[in-house]
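Have a look at the structure below, then the notes.
Numbers here are sequence positions counted from 1. All values below were derived from every heavy atom in this structure, side-chain atoms included, with hydrogens, water molecules and symmetry-related copies excluded. For ligands, and for the atoms within them, numbers begin at 1 and follow the listed sequence.
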Amino acid sequence: MELPTRKWTMAIDLDKCTGCGACVIACHAENNVPIHTAFQISQGRAMHWMHIERYWDGKYPEVGAHFLPLLCQQCSRAPCEPVCPVYAAVRSPRENLNLQIYNRCVGTRYCQNNDPYKVRFFNFFDPQFDAPLTEQLNPDVTVRTAGVMEKCTFCVQRIRRAEEKALVEGRALRDGEVVPACVQTCPPAALIFGDLNDPNSQVASIVATDSRQFRLLDNLGTEPSVYYLKGGKSHVV
Ligand code: SF4
């Protein structure tokens, strides 16, 4: 059976995001992303497939904050792809996903340099998971070693699992059936994920009708698959 062509897309409502960081923790737990030490971070080696950008608003003491969850934008014209000399950063045309083939990566980091969003991370160290964290590593996700580049995959393992389940049950994949870890965890449901090629999906409806939408650095022509919905009021801190 031929699988349908998809355009996996995420919408992020900045009005709902409170900057709690639950999505970041969920991403670490789901994707076996190591937690780096304070020393490693001080050396510029932080590793978060997803992180929260903060923007301050107003003057003390009336200071508010805007939060923007930042992850791989899964661009349709990804600048990281053509610069990889070994095709480790490649496009999945059927799913419009920007894949990272770990066992091809030779660590030139050209992709990271050509990434305008700075959401690709290089493994400078072999990952350390202190016990009992070793017991909770996700068996569906490779634990990467030093020397390779990594980044958000839209939880491709969850996409695969949902597609295989629908295939076995002989039915089409339903909207909302694929739930990346960050989407599952967000308390105010600020993140919405789905297939833009499905005109009845929630994400397609948001992209078609919500006037607050914008894409990061859209003028570069990268065609990101992440749409942000502009927030209004800042959050009081
Ligand atoms: S979990 Fe939701 S509310 Fe919290 S930081 Fe992430 S997107 Fe924002």
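- Under a 4.0 Å criterion applied to the non-hydrogen atoms of Thr18, ligand 1 contributes the atoms 3 (S), 8 (Fe).
- Nearest protein heavy-atom contact of atom 4 (Fe) of ligand 1 is Cys20 SG, 2.3 Å.
- Side-chain atoms of Thr145 and Tyr102 include no donor-acceptor pair closer than 3.5 Å.
- Here the shortest heavy-atom pairing between Val143 and Phe129 reads CG1-CE1, 4.0 Å.
- The part of Ile52 lying near ligand 1 is the side chain, judged by heavy-atom distances below 4.0 Å.
- Ring geometry, Phe193 versus Trp8: the interplanar angle falls under 30°, so the pair is classed parallel (tilted spans 30 to 60°).
- Atoms of ligand 1 lying under 4.0 Å from any heavy atom of Cys23, numbered from 1 in the order shown and given with element: 1 (S), 5 (S), 6 (Fe), 7 (S).
- Remark: the Gln202 side chain and the Ser205 side chain contain no N/O donor-acceptor pair separated by less than 3.5 Å.
- Of all atoms in ligand 1, numbered sequentially from 1 with element shown, those under 4.0 Å from a heavy atom of Pro188 are 3 (S).
- For Pro82 against Ala78, the heavy-atom pair with the smallest separation is CD-O, 3.1 Å.
- Arg171 is listed as a side-chain neighbour of Lys165, based on a closest heavy-atom distance under 4.5 Å.
- If you check which protein heavy atom lies closest to atom 5 (S) of ligand 1, you get Gly21 N, 3.2 Å.
- Of all the heavy atoms of Cys182, none lies under 4.0 Å from any atom of ligand 1, so neither backbone nor side chain is involved.
- Under a 4.0 Å N-O distance rule, the pair Arg158/Glu164 does not qualify as a salt bridge.
- Checking Cys17 against atom 8 (Fe) of ligand 1, an N/O/S atom falls under the 2.8 Å cut-off.
- The distance from ligand 1 to the heavy atoms of Gly19 drops below 4.0 Å at these ligand atoms: 5 (S), 8 (Fe).
- Of the listed residues (Pro187, Ala189, Pro69), the one carrying the non-hydrogen atom nearest atom 7 (S) of ligand 1 is Pro69.
- At the shortest separation from atom 2 (Fe) of ligand 1 among protein heavy atoms lies Cys186 SG, 2.3 Å.
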